[in-house]
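Keep in mind that this is a model prediction, so the values were computed, not measured.
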Amino acid sequence: MCRQSRMRQQSGFIIFILFSASALQLPQCVDRGWMQLKESEMFTITCQGFVTGDTVKWSLVLLSGVKQPIGVCRSGEVQCQTENSGFMVTRPSPTFSAVRVIQNVGSLDDQTISCSGDDDANTQFCNIKVVYDKSNVFVFVTGPDVIITNGTASVTLKCTVTGLVTDVRFMWSNVKCDAQASDGSTCIFTPIPPQDDGKVVTCTANVSKSDGSGREEASASYAVSLRYPPFTPPVISSNVPDVDFRSREIVTLTCRVKGGKPPVSVLRFACGGNAASRSDVTADGTVASSLTIVPADLVDACICSAVWSPEPQLYTATATWSITQREIPAKITMFSSNGYTNDVSINERDKTTVTFRCQADGYPDPSLTLKGPDNNTLTTTQSRRELGYFITSAICEHTGVYTCAAENGIGARDEVRKHLTVNCAPRYSPRDKSSSSPQILETELSLEIIAIPPPTNFTFTYQGIDMTNEASIIVDDIVNISCKEDSEREYVSTCIIRPKTRLENGVYRVNISNPFGGLEYVFKVLFQAPAKVTLLSFNGANNSLTVSEEDQQSINITCEAMGYPKPTLLLRQPGGAAMTSVKSAYRLLHTLAFVRCENMGLYTCVADNGVDTADQMERFLNINCGPRRIGTDDLDEIPRLNGTTMQVELIANPVPSVSSYIYRDETGSKDGILATGLFETTCERDLNLTYIVLCLIKRLQPLDDGLYDVIFTNPYGSLVFALQLENAESAAVASFTLNNIASKVLVVNESEAVSVELECKVSGKPLPTIKLTQPDGAVLASSVSAGEVKFSLPPAVCEMMGPYTCAADNGVGTPDKMLRHLIVNCAPRPFSFSTPQSVLETLSPGGLYIRLIAHPVPDRFTYTYHSDAIPREDKEIPAGVFTTSCEQDRLLENVVTCHLSTNQTLEEGEYKLAVGNQMGSSDYLFWVSAEKSVSGSTQGSNLSTGEFAGIIVGVMVAISIIIIAVAIAVHRQNKGNHSLH
């Protein structure tokens with residue numbers, strides 16, 4: 001919409017040639033041809049001739065041929081969309097489309113506007129020609145022709161001035177602008193319906209003319225045209241104040257929607273299938289629609305919906321109406337089973353089908369629920385007045401109270417109960433299903449069975465220990481049973497079986513019955529009893545048994561016991577070791593094949609079943625045998641009697657005696673000579689192993705060496721026991737040589753790589769044990785019962801120097817030993833096998849200590865100074881500058897400690913000491929600092945106790961390495977030459 005004010009009026013001409021096209025036919029241009037318009041007037045270009053609702057596009061065609069969009073009217077939309085602020089695109093009717101020119105007419109001089117369908121086909125054009133005088137000044141207010149709003153939409157108004165002007169000032173009146181442009185040319189405001197409908201908004205422009213003629217003022221107005229929806233939803237009313245939902249009288253219902261510009265055009269009113277056929281508009285703009293109903297026939301609510309067509313999203317509302325009905329509490333009117341309203345009793349064996357029916361009344365319609373005997377829900381309905389449920393082939397477990405309940409939220413819940421009884425013969429419940437193993441009756445048995453009515457008849461019979469009795473014995477008088485119906489499951493009975501008196505162990509059977517049948521139940525009576533051994537026999541004899549080894553008998557051992565539960569039987573042999581066992585049994589059998597004296601002793605049978613303490617029975621098996629030596633190994637070895645007594649272990653029963661002693665000379669080659677009164681022998685039985693006899697042979701006087709026979713005898717045989725008599729002599733070392741030299745000291749030179757052979761010879765009766773040991777006490781070689789031993793050392797080095805010992809011991813008297821000293825001469829060298837000297841020690845005021853391996857003690861010392869000059873020159877230090885002394889270590893004779901010191905101030909630098917003896921020399925480097933070069937004997941040693949201990953440890957490590965080397969040599973010598981025993 002455009003409003004304008006003319007300051008100076010001129011006429012002009014605009015020429016239109018407008019062509020339009022739709023998708024179906026060629027559009028026509030209305031007001032076609034040359035048109036004469038005033039420059040200040042707005043004008044409208046209309047396009048017609050297209051199909052109703054087609055999409056129409058408007059464009060401004062530039063001289064370059066490019067189309068600049070003006071706007072579009074889309075198919076199915078009431079409002080057109082304007083895309084250029086100089087135009088307003090509208091659709092006046094379904095087959096028309098129009099563009100209103102709202103900008104300065106002069107700006108369209110020699111322009112073209114096109115109208116076309118959505119596919120741009122058959123587009124036609126209209127040329128616009130205008131003649132105007134630019135000295136004219138006009139004011140325009142532009143805004144939408146129609147504003148559709150519900151009171152929340154904002155609208156923008158624009159004020160425009162044309163002509164040759166400067167310094168434009170705008171002012172708006174009769175409107176409250178929410179926002180304005182910085183120059184005041186635009187005003188954004190929110191119109192409120194209906195009061196702002198028709199309001200005239202004025203824009204006043206105060207301008208300065210470019211030709212200098214002064215300021216002028218002009219105004220333009222804009223009339224607000226609103227379209228707005230109703231502000232309240234539809235309302236449904238009745239011509240009857242209170243409608244009874246049971247009434248058959250006709251009632252008129254009216255749905256009204258008030259307000260809106262334009263009023264709602266779509267109003268739908270229906271009650272179920274009955275719909276209003278028309279709508280009327282009253283003088284005040286109210287839209288109404290009416291229909292008639294019969295309340296008793298009304299099932300669903302009435303619904304009235306209204307839609308405001310210009311903008312459905314702004315207003316689409318619905319109203320509902322229903323009859324206020326009278327509420328009635330739920331009430332059960334009928335509950336039956338198989339058509340009977342009273343309790344029903346049937347028999348399980350008839351396989352009867354039971355049908356439950358339940359009916360109820362009330363408003364709203366109640367929901368019905370059927371619950372079973374255990375209060376579980378069987379079935380339910382929602383908002384229905386009837387319920388049905390059936391059970392096919394009813395069984396005992398269906399017995400109980402069935403409840404039909406109705407409720408609709410009005411008042412209390414209504415319930416009716418009916419009892420169903422299904423009679424059946426006793427049978428096991430799932431908890432106590434019959435098993436192949438009868439239960440054990442201790443104090444009482446609990447049995448859960450299913451039966452209606454509960455059983456009342458019981459007959460007990462005794463079947464024997466293992467149901468082997470051919471004829472059952474009725475024992476009703478000693479057993480009691482009572483059955484009690486379960487409080488929750490009346491078809492379940494719990495029967496308790498209790499003995500009236502103590503029952504005999506065995507199997508019992510009870511017949512449990514009611515009028516519809518019976519059930520057989522089997523149980524055992526096994527009262528707990530502690531285990532007791534009733535029999536332990538040898539070959540059937542329930543007492544101790546005596547047999548002879550020479551009979552080569554086999555002994556069958558039988559152990560029997562009693563008690564419940566069945567005990568575990570264990571057979572122990574003499575000494576307590578287990579022979580065999582069996583679990584859960586009353587009998588144990590074991591066989592000793594071809595018994596010997598070693599089988600003699602006390603046998604024990606133990607029975608244990610966990611009740612009270614274990615029980616046992618003992619029997620002694622006595623086996624007679626002649627005397628013999630123990631074992632089979634070493635029987636050819638003749639024992640030696642070195643002292644006055646010797647103990648002999650024999651196997652014999654009864655205890656043997658000695659019948660005679662016989663002498664056979666030293667080799668045993670001569671016939672024996674009866675030796676009477678020379679020996680005394682006593683024998684007694686071992687306390688733990690009865691087949692062992694311990695005999696003590698005692699020499700009564702000095703005897704010649706040789707073989708003697710001691711004859712042991714008892715009623716079952718005799719034994720010739722040979723012994724070797726040797727008069728003892730204490731051990732003595734006869735000779736101990738180093739390289740066959742018997743002197744106490746052997747001196748060798750390390751440089752000559754001499755191997756040293758040690759040889760030791762000993763004497764004594766019996767032959768003694770010999771041990772060769774090296775200086776640190778480690779054993780080089782040993783020999784048992786030998787007369788001599790030899791050992792070869794590897795090539796001698798200084799570390800092997802020291803005393804070597806040969807010791808002899810035969811248990812007679814005091815052991816004997818002999819020492820030989822090995823001295824190894826060697827040139828001085830570091831006391832350990834470490835790497836060459838890498839860190840120089842500094843000569844301290846107390847002097848400097850160095851440790852060396854050397855023998856004899858070094859006595860030659862030469863000092864040299866190493867200068868830093870290039871080329872390097874060494875200067876020999878005159879005698880007397882340094883004081884040097886060396887001493888042999890008190891513990892390790894191959895270790896030497898040398899102390900060097902000076903009382904002069906020396907040049908700082910590196911010094912070398914050449915220390916030597918008659919075997920050679922070695923160099924030692926040290927450092928002298930100028931401020932520390934003066935030393936004296938009073939300054940103390942620079943070797944700490946820890947350093948000295950470290951040196952000793954190093955030496956010991958070196959000696960250990962020598963020991964390992966010697967041990968390897970020993971092993972190789974023993975392996976290559978002979979074994980020493």
Side-chain angles (χ1 to χ4, degrees), residues 348-349 395-397 399 423-532 534 560-569 582-587 607-612 615:
E348 179 182 274
R349 61 192 175 198
I395 59 176
C396 232
E397 286 85 337
T399 296
N423 299 305
C424 66
R427 65 171 178 268
Y428 291 106
S429 73
R431 192 199 76 177
D432 286 339
K433 288 185 177 179
S434 178
S435 63
S436 57
S437 300
Q439 295 189 38
I440 307 300
L441 172 61
E442 295 178 353
T443 58
E444 68 176 29
L445 270 179
S446 175
L447 172 65
E448 186 179 273
I449 62 174
I450 294 173
I452 295 290
T456 55
N457 299 320
F458 313 101
T459 302
F460 288 90
T461 55
Y462 176 63
Q463 301 291 127
I465 293 295
D466 294 308
M467 300 182 67
T468 55
N469 288 14
E470 297 181 1
S472 299
I473 303 173
I474 297 177
V475 289
D476 291 341
D477 55 336
I478 61 173
V479 182
N480 181 52
I481 184 170
S482 60
C483 295
K484 183 179 180 181
E485 184 180 290
D486 191 271
S487 60
E488 296 181 357
R489 301 170 298 164
E490 58 184 281
Y491 57 87
V492 174
S493 293
T494 301
C495 299
I496 305 298
I497 302 174
R498 295 186 180 92
K500 295 179 181 179
T501 62
R502 183 178 179 89
L503 300 179
E504 183 180 351
N505 286 354
V507 179
Y508 292 77
R509 186 187 302 273
V510 57
N511 181 272
I512 304 171
S513 63
N514 68 5
F516 297 92
L519 167 69
E520 291 285 340
Y521 178 68
V522 178
F523 64 92
K524 278 188 175 183
V525 173
L526 292 172
F527 289 105
Q528 280 193 347
K532 183 173 181 59
T534 59
E560 293 182 357
M562 60 184 296
Y564 182 79
K566 287 183 178 181
T568 294
L569 300 180
V582 60
K583 293 182 178 180
S584 187
Y586 289 123
R587 173 178 291 184
D608 188 5
N609 64 352
V611 181
D612 208 346
D615 187 44

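- Atom CG in N511 sits 10.0 Å away from atom CZ in F458 (nearest 0.5 Å).
- Residue R509 comes nearest to V522 through the heavy atom pair NH1-CG2, 3.5 Å, listed as atom of the first residue, atom of the second, then distance.
- A search for salt bridge (charged side-chain N to carboxylate O under 4.0 Å, His left out) contacts involving R349 returns nothing, not counting sequence neighbours.
- Rounding to the nearest 0.5 angstrom, the gap separating the CD1 atom in I452 from the CG atom in N423 is 7.0 Å.
- Scanning for side-chain contact (heavy atoms from CB on, under 4.5 Å) contacts around A561 gives P567, L569, A607, with sequence neighbours left out.
- Atom CD1 in I512 sits 5.0 Å away from atom CD1 in I449 (nearest 0.5 Å).
- Legend: ring pair (Phe, Tyr, Trp, His ring centres under 6.0 Å) pairs involving residues 488-513, not counting sequence neighbours, sorted by first then second residue: Y462-Y508, Y508-F523.
- Remark: T399 OG1 to I450 CD1 distance equals 10.0 Å, nearest 0.5 Å.
- Residue pairs meeting the side-chain hydrogen bond (donor to acceptor under 3.5 Å, both in side chains) criterion with at least one partner in residues 478-489, sequence neighbours excluded, are E448-R489.
- Residues passing the salt bridge (charged side-chain N to carboxylate O under 4.0 Å, His left out) test with E397, sequence neighbours excluded: R427.
- Looking at P426 and F516, their side chains never come closer than 4.5 Å, going by heavy atoms from C-beta outward.
- Here disulfide (SG to SG under 2.5 Å) pairs that include residues 495-526, with residues two or more places apart or in two chains, are C483-C495.
- Take R587 and apply the side chain to side chain donor-acceptor pair (under 3.5 Å) test, not counting sequence neighbours, and it matches E560.
- For D608, the side-chain contact (heavy atoms from CB on, under 4.5 Å) partners two or more places apart in sequence, or in a different chain, are A614.
- Counting all heavy atoms, side chain and backbone alike, D615 lies closest to K532 at OD2-CA, 3.3 Å.
- With rounding to the nearest 0.5 angstrom, the OG1 atom of T568 is 6.5 Å from the NZ atom of K583.
- Annotation: the span from S584 atom OG to N609 atom CG amounts to 9.5 Å, rounded to 0.5 Å.
- By the side chain to side chain donor-acceptor pair (under 3.5 Å) test, N514 is found to be paired with no residue, residues two or more places apart in sequence or in another chain being considered.
- The side-chain contact (heavy atoms from CB on, under 4.5 Å) check on N457 picks up S513, with sequence neighbours excluded.
- With sequence neighbours left out, the side-chain contact (heavy atoms from CB on, under 4.5 Å) criterion links T456 to no other residue.
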